[in-house]
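Whatever order the structure lists ligands and atoms in, that order sets their numbers, starting from 1.
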Amino acid sequence: MSDAPKSEKIWMDGSFVEWDQANVHVMTHTLHYGMGVFEGIRCYKTAKGPAVFRLLEHTARLFASAKIVGMEIPFTQEQINNAILETIRVNRLEEGYIRPLVFLGDNRRGLNTTGVSTQVAVAVWRWGAYLGEEALTNGIRVKVASFARHHENVFMTKAKVCGAYVNSIMAKLEAVKAGYDEALLLDVAGHVAEGSGENIFIVRHGKLKTPPLTSVLEGITRDSVITIAREMGLAVEEQYFSRDEVYIADEAFFTGTAAELTPINSLDDRVIGRGGMGPVTRKLQTAYFAAFRGEAAEYENWLTYLDAPGS
Ligand code: PPE
């Protein structure tokens, strides 16, 4: 028996099916080679009902991912946006996680994917804090992974590709088995890249630094935090830095849809700053939480309300 969270219905290729009936054949192409793209989106409770955070940007990235790897999604972005909102509605989800997945079907074999059917599913489920509720306040213990992040000509990291996550999973398992909460992957040149499923920021001398988008995912939370930070008057530099700069940073944190804004307490057992959540991290986390809760007028346009008139 599975104890994985589920909901009632899944949107598959244009219609709803019962969660337990949303199955595919074992010869499904993506299952064999990992050629598929996906998204991770959150829906939050607000005073005006549930709202999806940065829906349009997530759907746009899904289509960008497909374009990069050469897949064609047989729906428009508008249809996918509507499918996502409908899936939340039919499952009466107030708050949780949304997983659109674009995958190749089972009608062809081999690496020439010409003519393989492209299928789309949207699932939603309730999902609390990704790294544990405590992580959001106390921070997490992180270890540099022995596996490097993809070189940009191995896997184009602006695409959120299913198969690329083998690299993330190996790094995550390595870290967890060694007693840490999360892995930090370096790029092939040895610069800090990202977490197994998060972008990273450090705070040093009052400035924020995050790696450029060469070999990391173009995170939507990363973009939100950069926007919020600049709005607050904080300087943000997109710049390469080394693991030892993280060791001696004043603060460090991860960003991601799932992880939200999680402080990093230590890296490779070196406590960062005073440990726990530093003042800049706290300010940014508070502002980010307010944005997705619909409590910040300037970021209202990041929210798509479920109960919006005419939707
Ligand atoms: N880097 C990677 C490798 C990554 O997977 C994510 C999201 C990010 C950065 C942050 O991107 P964004 O969510 O747009 O801010 N990771 C998703 C998957 C987590 C999972 O376990 O699955 C997520 O946060 O939803």
Side-chain angles (χ1 to χ4, degrees), residues 4-5 34 36-44 52-65 68 84 95-103 121-132 135-136 140 142 145 147-152 154-173 175-176 181-187 192-201 210-229 238 252-262 264 284-285 288-289 291-292 299 302:
V37 295
F38 69 104
E39 268 307 315
I41 313 172
R42 273 195 194 266
C43 167
Y44 290 100
V52 183
F53 188 71
R54 304 200 72 175
L55 172 65
L56 304 184
E57 290 88 342
H58 279 284
T59 302
R61 188 173 65 186
L62 183 72
F63 279 72
S65 296
I68 290 168
I84 289 168
E95 181 154 282
Y97 196 74
I98 305 152
R99 169 56 49 81
L101 171 68
V102 180
F103 62 100
V122 179
V124 302
W125 63 89
R126 283 170 234 306
W127 219 21
Y130 187 57
L131 297 157
L136 289 171
I140 54 169
V142 179
F147 305 102
R149 198 63 176 143
H150 304 293
H151 181 273
E152 59 270 29
V154 172
F155 247 115
M156 273 133 280
T157 52
K158 281 185 192 57
K160 201 166 164 63
V161 182
C162 298
Y165 280 79
V166 173
N167 177 250
S168 284
I169 293 171
M170 289 197 301
K172 177 87 185 187
L173 285 181
V176 169
D181 302 304
E182 185 55 289
L184 174 65
L185 292 102
L186 309 178
D187 66 18
V192 168
E194 61 182 342
S196 71
E198 308 89 0
N199 292 110
I200 185 171
F201 285 80
T210 191
L213 293 170
T214 328
S215 54
V216 302
L217 186 71
E218 198 167 8
I220 291 165
T221 320
R222 175 186 184 277
D223 177 74
S224 307
V225 168
I226 291 175
T227 305
I228 290 170
E238 295 180 63
F253 58 88
F254 277 137
T255 62
T257 299
E260 298 171 319
L261 202 160
T262 300
I264 299 173
L284 291 167
Q285 193 197 65
Y288 177 63
F289 282 25
F292 66 59
Y299 305 119
W302 283 346

Quiz item: Which of the listed options, Ile220, Ile98, Leu217, holds the heavy atom that is closest to atom 12 (P) of ligand 1?
Solution: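 Shortest heavy-atom distance from atom 12 (P) of ligand 1: Ile220.
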Exercise. Kindly identify the option in Ser196, Ala259, Gly197 whose heavy atom sits closest to atom 7 (C) of ligand 1.
Key: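 Shortest heavy-atom distance from atom 7 (C) of ligand 1: Gly197.
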Within the structure provided, determine whether [X] and [Y] are in side-chain contact (heavy-atom separation under 4.5 Å).
| X | Y | result |
| --- | --- | --- |
| His58 | Lys160 | no |
| Leu101 | Cys162 | yes |
| Phe253 | Glu198 | no |
| Glu152 | Ser215 | yes |
| Phe254 | Ile140 | yes |

Quiz prompt | ligand 1 N/O within reach of Arg222 N/O, cut-off under 3.5 Å | solution =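 Arg222 vs ligand 1: no N/O contact under 3.5 Å.
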Quiz item: Between Tyr130 and ligand 1, does any nitrogen or oxygen pair lie at a separation below 3.5 Å?
Solution: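 Such a contact does occur with ligand 1.
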List ligand 1 atoms under 4.0 Å from [X], heavy atoms only on the residue side.
| X | value |
| --- | --- |
| Tyr165 | 2 (C), 3 (C), 4 (C), 5 (O) |
| Gly219 | 11 (O), 12 (P), 14 (O), 15 (O) |
| Gly256 | 10 (C), 13 (O), 15 (O), 24 (O) |

Practice problem: Could you tell me whether Glu198 approaches ligand 1 through its side chain, its backbone, both or neither, with non-hydrogen atoms closer than 4.0 Å? | Solution: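 Within the 4.0 Å criterion, Glu198 contacts ligand 1 through backbone atoms alone.
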Quiz prompt | Test side chain to side chain contact (heavy atoms under 4.5 Å, CB included) applied to Tyr130 and Thr262, step by step | solution = CA-CA 9 Å; Tyr130 187 57; Thr262 300; over 6 Å; no
For [atom], which protein heavy atom lies nearest, and how many Å away is it?
| atom | result |
| --- | --- |
| atom 1 (N) of ligand 1 | Glu194 OE1, 2.6 Å |
| atom 24 (O) of ligand 1 | Ala258 N, 2.8 Å |
| atom 25 (O) of ligand 1 | Tyr97 OH, 2.4 Å |
| atom 15 (O) of ligand 1 | Thr221 OG1, 2.5 Å |
| atom 17 (C) of ligand 1 | Lys160 NZ, 3.3 Å |
| atom 3 (C) of ligand 1 | Arg149 NH2, 3.1 Å |
| atom 22 (O) of ligand 1 | Arg99 NH2, 3.2 Å |
| atom 13 (O) of ligand 1 | Thr257 OG1, 2.6 Å |

Quiz item: Side chains of Arg54 and Ser224: do they bring a donor and an acceptor to under 3.5 Å?
Solution: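 Distance-only check passes for Arg54 and Ser224.
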Quiz item: Any chance the side chains of Thr59 and Glu39 put a donor and an acceptor closer than 3.5 Å?
Solution: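 Per modelled atom types, Thr59 and Glu39 side chains form no pair under 3.5 Å.
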Exercise. Would you check whether Arg42 reaches within less than 4.0 Å of ligand 1, judged by its heavy atoms?
Key: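 No; Arg42 lies far enough from ligand 1 that no heavy-atom distance drops under 4.0 Å.
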Quiz item: At the 4.0 Å heavy-atom cut-off, does Val216 count as touching ligand 1?
Solution: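 In this structure, Val216 fails to qualify as a contact of ligand 1 - no heavy atom is under 4.0 Å.
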Self-check item: Glu218/Arg61 salt bridge by N-O under 4.0 Å criterion
Solution: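 So Arg61 does not pair with Glu218 through a salt bridge.
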Quiz item: Taking the side chain from Thr157 and the backbone from Thr214, do they hold a donor-acceptor pair closer than 3.5 Å?
Solution: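 A pair under 3.5 Å: yes.
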Quiz prompt | Ring-ring centroid check Tyr288 Phe53, cutoff 6.0 Å | solution =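 Yes, close enough.
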